[in-house]
Amino acid sequence: MLNVSLRPITQSDLELIFAHQIDSVACQLAQFPPREREAFYRHWQQNILGQEAVLARGIEVEGQLVGNICHWHADGLALIGYWIDRAHWGRGIATLTLSVFLPLVRSRPLWAHVAQHNVASQRVLLRHGFVKTGNVIQEEADTASLIELVLR
């Protein structure tokens, strides 16, 4: 079994996280456009690392940073999102990550917005007790509509 652990994200992790989020295949799956380097760093420094209310963790597999998972509040909702480096897809990392991360998040209900065609991510969330609400969401930066899931 894989050894998945979470740790706080540091400034020195941002270059690797930037590389993860510019992968065109991953962006297409997430239906989220990559940010340019300057916008990416500004977003992470101001909206994630610079916010006490955001719980952001690096996902490590056997000591290697392979992604990130975050919990934040927006528009009155408690949200969760994660990004796994494409080189590590299909290994059960997202499932194991949520098993470790969800107990750290006290907010309920907890919402996730997922691309309609991202069946693997939907399965991971459903496996952890999320249910589809039937709502379709169009967030500002998304390239297409997303489906909404909730954990009560």
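- Linking Ile, Leu, Val, Met, Phe, Trp and Tyr residues whenever their side-chain heavy atoms come within less than 4.5 Å places L49 and L65 in a single cluster.
- Annotation: side chain of L102 is in contact with side chain of L110 (closest heavy-atom distance under 4.5 Å).
- Looking only at side-chain heavy atoms (C-beta outward), V25 and W89 come within less than 4.5 Å of each other.
- The 12-atom threshold is exceeded at CZ of R108, counting heavy atoms of other residues, nucleotides or ligands nearer than 6.0 Å.
- Annotation: the span from W72 atom CH2 to S107 atom OG amounts to 12.0 Å, rounded to 0.5 Å.
- Within a 6.0 Å sphere centred on CD of E36, heavy atoms belonging to other residues, nucleotides or ligands number 12 at most.
- Remark: A39 engages R35, R42 in a side-chain contact (heavy atoms from CB on, under 4.5 Å) (not counting sequence neighbours).
- Here the CZ-CG distance, from R123 to N118, works out to 9.5 Å after rounding to the nearest 0.5 Å.
- Interatomic distance, CD1 of I69 versus CD1 of I80, reported as 4.0 Å (0.5 Å rounding).
- Residue L29 is not grouped with residue I22 when hydrophobic side chains (ILVMFWY) are merged at heavy-atom distances under 4.5 angstrom, including chains of intermediate members.
- Residues L96 and M1 meet the side-chain proximity criterion, which asks for heavy atoms closer than 4.5 Å.
- Relative ring orientation between H71 and H73 is described as perpendicular, the plane-to-plane angle rising above 60° on a 0-90° scale split at 30° and 60°.
- When side chains are defined from C-beta on, Q116 counts as touching V136, because their heavy atoms get closer than 4.5 Å.
- A side-chain donor-acceptor contact under 3.5 Å links Q51 to the backbone of Q46.
- Using a 3.5 Å distance cut-off with no hydrogens or angles, the side chains of E15 and Y41 do pair a donor with an acceptor.
- Note that CH2 of W44 and CD of Q11 are 11.0 Å apart. Values are rounded to the nearest 0.5 Å.
- The cluster map of Ile, Leu, Val, Met, Phe, Trp and Tyr, joined by side-chain heavy atoms under 4.5 Å apart, puts L126 and F101 in the same cluster.
- A distance of 6.5 Å separates CG in L6 from CD1 in I59, rounded to the nearest 0.5 Å.
- D23 contributes no side-chain N or O that, together with a main-chain N or O of H20, makes up a donor-acceptor pair within less than 3.5 Å.
- Atoms CD1 and CD, on I17 and Q21 in that order, are 10.0 Å from each other to the nearest 0.5 Å.
- You'll find the side chain of V61 reaches within 4.5 Å of the side chain of R91, heavy atoms only.
- By the 6.0 Å contact criterion, CD on Q28 is open, its count of non-hydrogen atoms from other residues, nucleotides or ligands being 12 or less.
- Side chains of R57 and C70 form no contact here, defined as non-hydrogen atoms less than 4.5 Å apart.
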